[in-house]
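A short worksheet on the structure shown next.
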Amino acid sequence: MRLELQVGLGAGELRSLQGWLRSDPVVRRSIAVGVRGGVPRPGEMGTTLDVLELVTGNGWSAASFVLAVAAWRQSRPQRPRVEIRRGETVIVLAEGSEDDIARAVRALEAVDGGGGEDR
């Protein structure tokens, strides 16, 4: 399954989340994390870091992934908004409450269909 993550406070926070996910042993075993740059805005040189691209593999756990993202959010001083996209499905972690996390896990599991494959 392919996912995209966007973070509300810019490229520095996106890099921080990338490092956090790569350092989590549970997430690291089942998800490959890459980056996709965006088109530079007028007056900017080069590309910007806009989106984390994730590809899940065997052993994918929506709960472990969402908990890792929520833990990262809690570690940040401004707790940025995180959007998780899978095709047309958009999941937003804005509050980090237990209900917010449970909704995100249910939505990812529903999109995944339990099989962990990209459909």
Side-chain angles (χ1 to χ4, degrees):
M1 174 169 60
R2 293 181 187 279
L3 303 168
E4 294 181 348
L5 270 72
Q6 290 184 304
V7 177
L9 294 175
E13 292 298 316
L14 197 61
R15 283 188 198 95
S16 172
L17 177 55
Q18 178 186 20
W20 185 280
L21 293 174
R22 285 183 171 166
S23 69
D24 185 295
V26 174
V27 173
R28 184 178 59 229
R29 279 193 300 265
S30 61
I31 296 178
V33 180
V35 295
R36 185 177 76 212
V39 177
R41 295 181 188 126
E44 290 182 341
M45 295 178 61
T47 61
T48 59
L49 183 62
D50 285 334
V51 176
L52 284 182
E53 293 183 318
L54 302 116
V55 178
T56 64
N58 293 336
W60 154 253
S61 168
S64 294
F65 168 70
V66 172
L67 287 172
V69 172
W72 171 80
R73 278 190 76 256
Q74 291 297 319
S75 77
R76 311 311 300 161
Q78 293 184 331
R79 295 197 176 119
R81 177 179 192 266
V82 176
E83 280 188 13
I84 304 167
R85 293 182 177 272
R86 167 54 168 60
E88 297 297 316
T89 302
V90 178
I91 301 151
V92 177
L93 291 175
E95 300 301 321
S97 68
E98 287 182 29
D99 288 341
D100 200 22
I101 293 167
R103 273 191 300 276
V105 170
R106 282 193 305 271
L108 283 173
E109 287 174 344
V111 168
D112 181 29
E117 297 175 13
D118 197 14
R119 298 190 198 311

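Any value given below was found using the heavy atoms of this structure, including those in side chains, with hydrogens, waters and symmetry copies removed. Since the model is a prediction, treat every value here as computed from it, not as a measurement.
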Close side-chain approach of Leu21 to Leu54, heavy-atom, < 4.5 Å:
yes
Gap between atom CZ of Arg73 and atom CG of Asp100 - 0.5 Å precision:
7.0 Å
Quick one: does Gln6's side chain get under 4.5 Å of Glu4's, heavy atoms only?
no
Any chance you could measure Arg79, atom CZ, to Arg76, atom CZ, to the nearest 0.5 Å?
11.0 Å
State yes or no: do Leu108 and Ile101 share one hydrophobic cluster built from I, L, V, M, F, W and Y residues joined by side-chain heavy-atom distances below 4.5 Å, directly or via other members?
yes
Atom pair CZ (Arg103) and CD1 (Ile91), whose distance is rounded to the nearest 0.5 Å:
11.5 Å
Would you say the side chain of Trp72 lies within less than 4.5 Å of the side chain of Leu93, judging by non-hydrogen atoms?
no
Here the gap from Leu3 atom CG to Glu53 atom CD, rounded to the nearest 0.5 Å, amounts to 10.5 Å
In Å and rounded to the nearest 0.5 Å, what is the CG to CZ distance from Leu17 to Arg22?
11.0 Å
In the structure I gave you, are the side-chain heavy atoms of Val26 and Leu67 within less than 4.5 Å of one another anywhere?
no
Is there a path from Val82 to Val92 through hydrophobic residues (I, L, V, M, F, W, Y) whose side chains come within less than 4.5 Å of each other?
no
Ser75 and Trp20: which non-hydrogen atoms are nearest, and at how many Å?
OG-CZ3, 3.7 Å
To check you understand the geometry: which heavy-atom pair defines the closest contact between Ser30 and Ser61, and what is its length?
OG-N, 4.5 Å
Return the minimal non-hydrogen interatomic distance between Pro80 and Gly8, and the atom names on each side.
CB-N, 4.2 Å
Spatial distance of atom CZ (Arg28) from atom OG (Ser64) [nearest 0.5 Å]:
13.0 Å
Quick one: closest heavy-atom pair of Val69 and Leu5, and the distance?
CG2-CD2, 4.2 Å
Around atom CD of Gln74, are there more than 12 heavy atoms of other residues, nucleotides or ligands at under 6.0 Å?
yes
